Amino acid sequence: MTSDHHAQEIQMLRSEIEMLMNERQSLLRATGAAAVFVANLDSESLPESTYAVADVLAHALNQLSEDSLRDALELVRPTVEAARSEAKKQEN
């Protein structure tokens, strides 16, 4: 194997890892937002037609490792706090 070929493979692997890390960040953001949404949801106000989907989401969140869920919540915390702050400003 030539050093150019080896360098090219290393670069391809780096690119793939970077892509996977970016995808992980996107999935963590979605997961964190879903977890915050579920935590703040008033289940009494849900239409019955959404119970099954809400149950699927709740089970998916519960199956996450504690570390992954913590990472997800930490990632969305600034966005959630900013949104809540903005909502309070609009109320006043």
Side-chain angles (χ1 to χ4, degrees):
M1 186 179 318
T2 67
S3 64
D4 284 343
H5 184 68
H6 185 68
Q8 189 178 24
E9 284 186 345
I10 290 172
Q11 183 57 41
M12 287 172 55
L13 286 171
R14 284 184 178 145
S15 295
E16 184 71 19
I17 289 171
E18 185 176 335
M19 184 186 72
L20 290 171
M21 292 303 292
N22 289 335
E23 183 71 14
R24 180 179 187 273
Q25 290 298 305
S26 295
L27 291 170
L28 285 174
R29 271 190 216 88
T31 300
V36 171
F37 179 76
V38 168
N40 290 285
L41 187 66
D42 177 13
S43 60
E44 300 284 324
S45 65
L46 284 178
E48 281 189 44
S49 61
T50 62
Y51 287 175
V53 176
D55 192 50
V56 169
L57 177 57
H59 279 93
L61 292 170
N62 286 333
Q63 288 177 344
L64 291 171
S65 71
E66 187 176 323
D67 288 340
S68 291
L69 190 54
R70 186 179 319 112
D71 289 348
L73 290 170
E74 287 299 317
L75 189 61
V76 298
R77 182 184 314 270
T79 306
V80 169
E81 289 174 357
R84 286 181 176 157
S85 177
E86 185 63 30
K88 282 184 182 179
K89 285 181 189 176
Q90 289 180 1
E91 287 176 1
N92 296 330

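Note: hydrogens, waters and symmetry copies are ignored here, and every other heavy atom, side chains too, is used. Worth saying up front: this structure is predicted, and the values here are computed from it rather than measured.
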Within this structure, what is the [atom1]-[atom2] distance for the pair [X] and [Y], rounded to the nearest 0.5 Å?
X	Y	atom1	atom2	value
E91	E86	CD	CD	11.0 Å
S68	L27	OG	CG	10.5 Å
Q8	T2	CD	OG1	8.5 Å
T50	L57	OG1	CG	11.0 Å

Would you check if the side chain of [X] reaches a backbone N or O of [Y] as a donor-acceptor pair within less than 3.5 Å?
X	Y	answer
S45	D42	yes
S85	E81	no
S15	Q11	yes
N40	V36	yes

Minimum heavy-atom distance [X]-[Y], with the two atoms named:
X	Y	value
L28	A72	O-CB, 3.3 Å
L75	P78	O-CD, 3.7 Å
G32	V76	C-CG2, 3.6 Å

**Intermediate values then yes/no, side chain to side chain contact (heavy atoms under 4.5 Å, CB included), L69 and L73** = CA-CA 6 Å; L69 190 54; L73 290 170; 4.2 Å; yes
**Prompt:** Hey, does E16 have a side-chain heavy atom less than 4.5 Å from the side chain of M12?
**Reply:** no
**Prompt:** Considering only heavy atoms from C-beta outward, does the side chain of E23 approach that of M19 to under 4.5 Å?
**Reply:** no
**Prompt:** Would the number of heavy atoms belonging to other residues, nucleotides or ligands and lying under 6.0 Å from CZ of F37 be above 12?
**Reply:**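 Incorrect, the count does not exceed 12.
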**Asked** If you count the non-hydrogen atoms of other residues, nucleotides and ligands that lie under 6.0 Å from CD in E66, is the total more than 12?
**Response**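 No, because the 6.0 Å sphere around CD of E66 holds 12 heavy atoms or fewer from other groups.
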**Item:** Side-chain ion pair, R24 and D71, N-O less than 4.0 Å
**Value:**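 Looking at R24 and D71, the cut-off is met.
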**Asked** Under 3.5 Å, is there a donor-acceptor pair linking the side chains of H59 and Q63?
**Response**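 On atom types as modelled, these side chains do not qualify, holding no pair under 3.5 Å.
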**Request:** Go through E74 and R77 one step at a time and tell me if the salt bridge (Lys or Arg N to Asp or Glu O under 4.0 Å) criterion holds.
**Result:** CA-CA 5 Å; E74 287 299 317; R77 182 184 314 270; 2.4 Å; yes
